[in-house]
Structure formats: C-alpha cells, structure tokens
There are 2 protein chains.
Amino acid sequence: MQQGTDSGTVGPHVVRFVTARSVLAELRRGGPLTAGELVELTGLTRATAIAVCEDLVRRGWAEEHEPERTGPQRGRPPRTFGFRADAGVVVGLDIGAHKATALVADLRGDPLGSASGALPSGPHPVEARLDAVSAAALAALRAAGSAPERVLAVGAGVAAPVDRDGRVAEGSQFWEMFDVGVADALFARHGWHVLLENDANLAALAEQWRGAAQGLDDVAVLLAGERLGAGLIESGRLLRGRYGAAGELAFLRLVDGAVGPHGIAQLAREWGAEAAGGPGGLAGLAPRDVTAEAVFSAADDGDPAARAVLGRLAERMARVIAVLSTLLNPELVVLGGAVAPSAAQLLPGIRGALPGLTDTPARVEVSGLGGDALALGAVRRALDDVAERALEIELPASR
Amino acid sequence: MQQGTDSGTVGPHVVRFVTARSVLAELRRGGPLTAGELVELTGLTRATAIAVCEDLVRRGWAEEHEPERTGPQRGRPPRTFGFRADAGVVVGLDIGAHKATALVADLRGDPLGSASGALPSGPHPVEARLDAVSAAALAALRAAGSAPERVLAVGAGVAAPVDRDGRVAEGSQFWEMFDVGVADALFARHGWHVLLENDANLAALAEQWRGAAQGLDDVAVLLAGERLGAGLIESGRLLRGRYGAAGELAFLRLVDGAVGPHGIAQLAREWGAEAAGGPGGLAGLAPRDVTAEAVFSAADDGDPAARAVLGRLAERMARVIAVLSTLLNPELVVLGGAVAPSAAQLLPGIRGALPGLTDTPARVEVSGLGGDALALGAVRRALDDVAERALEIELPASR
DNA sequence: GAAAATAATTTAGACTCTAAATATAGGTCC
DNA sequence: GGACCTATATTTAGAGTCTAAATTATTTTC
C-alpha cells in the first residue's frame, strides 16, 4: 500500500518535501548549522530536523561536519550540517553579438572559472556560433576543474526578448535567429538544462544579488549601450510582459537618441556642427576623432562643449529614468552596460533633473559590477533554478 | 499528543489545508459537483474528496445538494456538493473625490445591492466623509438584504497610491489625508476587514474579471479623466512598486496635457485660439461653451476643428500607451475612466499611431463596464482576499 | 426478485509530524 | 578514575493525513 510518491498525488510526503526545502534553504544561506540552530530557524522538532538532514546527506545536498569545538564546551556535542556547494556547478553564459563569456560557479555562486571567446556574426553559419558558445562553456569548466556532467543548470543571456517559456521572440535581427536554438542545442550536446533569458533581466538579477541593488525588491537596471534595455524587478520578481518584450527600450532610443558610445559621438558631432563658428569643433578635434572616450575625457578636463554634450546626455537618460520611476515606482535605478564606466560623470546631472520630471524619483546609482555582470546574472538565474528544482534533481556521482 | 494545529508548526494537517483549498476552489469555480467529478478535477481519492467536502460543509463553506436526476440513471446516486455563495457577502467601495459608491455581492461576485452618496470634500471634517462612506456601505447592505455582520471583506478604492501594506502614501492632496484612516475606521465601526487599493488597480481587476481583459494575464488599464492613472497587471499580478505609486501617471499629464473633460475643453480652446482667423472658434461656440461633450458631438457632426482636436488627443493617448507597451509589453490596454464613454471615437486614431511609436504595440480596447467599474474591482479585490483567507475565516452564523 | 451498474463507506497501511521519555557524549569536580 | 552535570541525540508513542483495496449501499433494468 505504497503512497504515490511520484504522479500528481498528494499525501504526507509533500510535507517532507516542504520541510526539506526549507531546511535546505537555511543550510544554503548560512554556513554550517547545528541541529539546534535549524530547530530555531525552521520551527521543526529536533527529531525532524535531523531526519531531514540525514535525508539531504543521503541525497548528496548536504554533508555532516565535525562538531566545531570553540571555547569551553558543555554537554553532548551537537551534530552540524552544511550545504554542499560542491554538489555540482552552474554555468552563466553571456552571449553577446561578437563575444561569448562563460562563468562557472559552485552552488553558492562563488566563481570557479571563466572563459570567453569571439563569436562569428553576420553571414556565418549558425553552427559556428554554437561551436564558439559551447567552447567557451567547456573552457570555463576546464578552468574550474569541473566536468560537463556536473553542470546542474545553465543560465544564458541573449540580447533579445525572451518570453516566460524561455523562447526568443520571433522577428528579431538576423543573428538572433541563432539564439532561438541555443537552449535545445546545448541540451542536445551536453544534456544541460538551459535557461534562456534577456540580457537586461540578467543585469537586474546580478545587481540585486551582488551589485548596487542588493536586497531590494523593486529595482530597474538600465543596460545602456548601443542598445537600450531595462531589467525590471517588482516585488522581487522579474517582469517579462506578454511576449517577453517588457523593458525592451530599443524604440525609445529612436525617440530620445542613443546613449551608447556611438550615440554620444554622434551627439557631440551634432553639437560641433551647431557651434559651427567655434574653433574647429569639439575640443579642437576633427570630427572623425570624436569618440565617446574623447568626449568624456574632454569634459573631465573642463572642455565646455564636451560638458554640454554630457549634460544633454544626462538629460536624455533622466527622461528615461523618469518614465521608469513614474510607471513602476522602483526604489532604485541602476545604470549598467557600456555606459557604466563613465556614467558616474552623468550622475549629478541625472539626479538633478529627475525631481523635475517625476513625482516619484527613484534613487540612481551606477553599476559597479563591471564586464562580468551579465554572466554573473546568468549564474544567479541558474542558481535560482537549481534551488527550485533541487529536490527533484538526481545528483551526479560526486566529483 | 496533539499536533499543533495552530502556531507555525507544520505537520499532516497542512496537507488537509491544501486539499481543502483546492476542493473549495473547484466548488467555487464550477456549479455543484459530484464527488466523482471532484475526484477527476483534484486528483484526490473519492474517500478523501468526500471527507474534505464534509469538512467544508461543517465549516459553512459548502453544502450538500440533492443528487440531480437528469435522464436515465443507473447505479447509486452520487453525492453532490456546491459552494455556498451565500455564506457571507463582500463590499466594494469606490471612494471618489465627491462621491462614494458601495456595491454588495455574494461570494461568487454576483451583485446583491448597491448605493451611493455624495462626499463632502474640502474643509469638512474627516468624520463627515467617513460617515458618508459608512452610510453608503450600510445602505447597499440594506438593499442587498444583508447585515453588517455578514461582511467577510471590504475592498476600497481611493485615488491615491497605496503600498503593499495597504497604506496610503503620504504627501497626497488634502482630502486624501482622510483616506489614510478609512480602513482602520471601518474596522473600528463595523469590524470589517478592509483592503485599501488604488483606484486604477481596481479598474484593472475589474476589466480582467468581467471586462475587456477577461482571462488575460498581462494588461494595463488606463483610468483617464482629470487624473491619469494606470492599473498594471503582469503575469496575473498587480504591480505596485516600492511605495505603491506604480502607474501614477499624474505627472505625465503635466508633460503631455490632460485627457479628461477639462483637458479636452482646454485643448479645444487653444486650438480655437490658434485658428484665430476662423469663424469665431470651434463650431461657432463661444469659448465658455466649449465643453468636452460639445467637442465630441461636434466631431461626430464632422466639424473639422473638433476632429483636429480629437486627433491631437488621440495622439497624446497613443504616446502614453506606447510607453506602456514598450516598457511592460502588455497584451491589451483598456481605456477606462471618464473618457471611456467617448473613447471609441479616439480608438482609430490611437490604433493608427501606435505602431509608429513602439515596436510592441498592445491591443487597445475601450472599457465597457461603465460607472460601476471601480466598485466592481473593489468587489473582486475583496473576493480574492476571502478566497485566500477562506479556511482561516470563522463564518458568522448563517443568515 | 436477481443482476448489473455505479458510487459510498470501511479497512489496512504508509508516511509525516510533534511531544515526551530515555539515552549519550562530552566536560567538571573531587 | 568515577560521580555528576549539561546539552544534545535518539527512541517511542500518538495523531493526522493520504492512497488503495475490499466491502457495502442504492438504484435501475430485466
């Protein structure tokens, strides 16, 4: 008279499922915990807490530690259990237009190795891009000293809308047609469970996890570069919209002008043209030499024309942030992407303009995560998936 | 050796809680169901299904019906159970600036009675507004033939941001300071469980429940009048933002111009002024007679100036909807509020402009719910709360 | 009135939890 | 080194939940 532990039937075993989940969550969060501490944290009985831990140990998710003996100790030493961060690994993939970055991390998210490689774009066959992505992932695994079989989940970011089912919306640019098949292809090649995600969404996850938005539940992250996208987190949840296109601000770029390097350079050239009577354009540069870097450094040196250009740029970004603030009322907006390194120069202008543009201005910060932000977010995405599926995953034999 | 059925402890009883919830949900959804049908729907065993139903009957949430005997029948007649929609009532309150509307409904949401009354605004004491709201609710209950003790939950909409804890954001207009206390006051007076909610959010719930957005999970409802607010539903959940101000587009009004009656009239007057050389202004009206109604009916009669005004208005609204579409990618945007009755005239203009303003244009429809939309949404909000708390609610003695 | 059909009810068993009673492993103290 | 103290582990008993199988009940049909 077995209880259906499989199938959709309920029964007492779901209670064990729930308690095991909560115990595992506590172990994952904190360091090793004694049974007593688990009793405190979960509200379970000691007997149950230990039984659950032994379950988890048997299934490979936890391990029993030698009791710590710090200072004078009285009474029977407690049993202590810890999360096995090495029970497997996750991979975070940042699949850009011209480059793929892979980051391998353990189950706590601590990085173990990374690698990246150029991606052929344009008229190359889809297979070539796929090979490069796969190679980057394998190289990162090698660097991490881990094997492909130990990968429990893969997060993969692409510069395209991804809907709730992990599908890339159709009708995107040419090279995105490739990304449509990444998840299936990586599964076919390596058996990996791949979670496709929009790149801006990954940036948001990264900032919320280890960046400027740590612990906040209502955040927007602007991924500003040649493309303009926003990762939106409301009440701790990513917003995707009906077809995954929420936050795809590409179109606002056409309205408001680009904010990435090329956009800045163009803005500067326009400005130069306007001030035609001046001494040969911005900071004395020939139009061809007007790059984003040049504008930022000229502004740093006090060049008034460059400063004006940056002011105008700040105003543009402030308008976008104001719309976000009004519509979604986030607590914080983080500026990330290609503009991040120089965005600090824009902050005062943005912050100054914001209260004039919205009743509910969000705090604004610049991302400090650097170039690995997207891969980091992809790792976070994969970890979330592992946490959710943990008790359904059959762990591979230990390393 | 009692199991802690209260406190935070888990145990076998939570299984019963979960199954009871799902059985109750099925009963609430469909009409009366036989035990066999419940077995089908819930995946439970017949024995369990019946045991749960008897539980629910004992607690007042369900009732056993006489077995239906339709057509030729063979075998032992099945037991059938139904949801008791009359186990209590809910109240939906629409607290406007000058008027309060109350709608009483049974637990399926079918309306039983309504009432409304003028609200003193301006320098009147807070108590006066409170009395009027309370009176409207009691009148609606009387009309429904129900008693205040039978109210299981009250949804209340106010024209102000409401955060996740049901608190009105501070720093709102003078009369909103009153609404800050509604929930507590109604609890103190009648013992009611009041759920404060932003009015645009209620409009969204109403449209999703019984309006143009039925069954859709990604919807935005524009509540356009003198104020401009949006109720945003993503993945079936209301978006509130950090301080409840998500969708508070009041500020966009300043940028883009008002879309309500006064705004329309003003727009028309401006237009008249621009076309100063014409025959004395719009449709030959004196500036003082330029009202929203006049403009709409003049446009209906083919007056070119009025048509131009409406075209401009449509363009304004299209811009707002385009921002919504780009940022949140809803499947549908519903136009509600004061403009709804005449918004059909604007639809072609809006729909035409949208694809030029966003890559991901949403479908656009006009609300057909009429003036009770907000009260209806408030009812929905209350019903959701009852559904969530059902098994924790001690039902009052039957009518 | 027996047979067939359908559904309700009963019974046995498995699994979960809590709570209380009992056992254990280390210290300390004499 | 043995008694004792302390904090924890383990065992035991009991209650609640489910499933699955066996049994019983009710109705129609022949």
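Letters A, B, ... mirror the listed sequences (proteins, then strands); counts begin at 1.
Distance, A:Phe17 CZ to D:dC18 C1': 17 Å, rounded to whole Å. When the C1' atom of D:dA7 is taken as reference, atom CZ of A:Arg79 falls 15 Å away, rounded to whole Å. As a whole-Å value, the separation of B:Leu38 CG from D:dC18 C1' is 16 Å. Counting to the nearest Å, the C1' atom of C:dG13 and the NE2 atom of A:His13 are 15 Å from each other. Spacing between atom CD of A:Glu37 and atom P of D:dA9 amounts to 10 Å, rounded to whole angstrom units. Distance B:Glu40 CD to C:dA7 C1': 14 Å, rounded to the nearest Å.
Nearest-nucleotide mapping onto DNA chain C: of A:Gly75 and B:Gly75, the residue sitting toward the 5' end is B:Gly75.
Within the 4.0 Å cut-off from OP1 or OP2 of D:dC18, at least one side-chain nitrogen or oxygen of B:Arg16 is found. At C:dT6, none of the side-chain N or O atoms of B:Arg46 fall inside 4.0 Å of OP1 or OP2 (strictly under the cut-off). Taking side-chain N and O atoms only, A:Thr19 has a distance below 4.0 Å to OP1 or OP2 of C:dC17. Within the structure, every side-chain polar atom (N or O) of B:Thr48 is placed at least 4.0 Å from both OP1 and OP2 of D:dT17.
Counting only heavy atoms from C-beta on, B:Ala47 has its side chain closest to C:dT10 among C:dT10, C:dC17, D:dT8. Candidate nucleotides C:dA8, D:dA9, D:dC18 were compared by shortest atom distance to the side chain of B:Ile50, and C:dA8 ranks first. Checking D:dA20, C:dA8, D:dT17 against the side-chain heavy atoms of B:Val15 singles out D:dT17 as nearest. Relative to the side chain of A:Pro77, the nucleotides D:dT10, D:dA20, C:dG26 differ in distance, and C:dG26 lies closest. Considering only the side chain of B:Pro12, D:dG16 comes nearest among C:dA25, D:dG16, C:dA8.
Classification of B:Arg21 and B:Asp55 as a salt-bridged pair fails, no side-chain N sitting under 4.0 Å from a carboxylate O.
Paired with A:Arg79 under the rule side chain to side chain donor-acceptor pair (under 3.5 Å), one option of A:Glu54, A:Glu66, A:His65 passes, and it is A:Glu54. Only one option out of B:Arg242, B:Arg240, B:Arg164 pairs with A:Asp218 in a side chain to side chain donor-acceptor pair (under 3.5 Å); it is B:Arg164.
Among the atoms of the strands shown, none is found under 4.0 Å from any heavy atom of B:Thr34. Residue contacts shown for B:Ala51 are absent, as no nucleic acid heavy atom lies under 4.0 Å away.
Scanning atom types as modelled, no donor and acceptor separated by under 3.5 angstrom connect the side chain of B:Arg76 and the base of D:dT27.
B:Val379 places a side-chain heavy atom less than 4.5 Å from the side chain of B:Trp209.
Panel note: side chain A:Gln214, backbone A:Gly211; a donor-acceptor pair is recorded below 3.5 Å.
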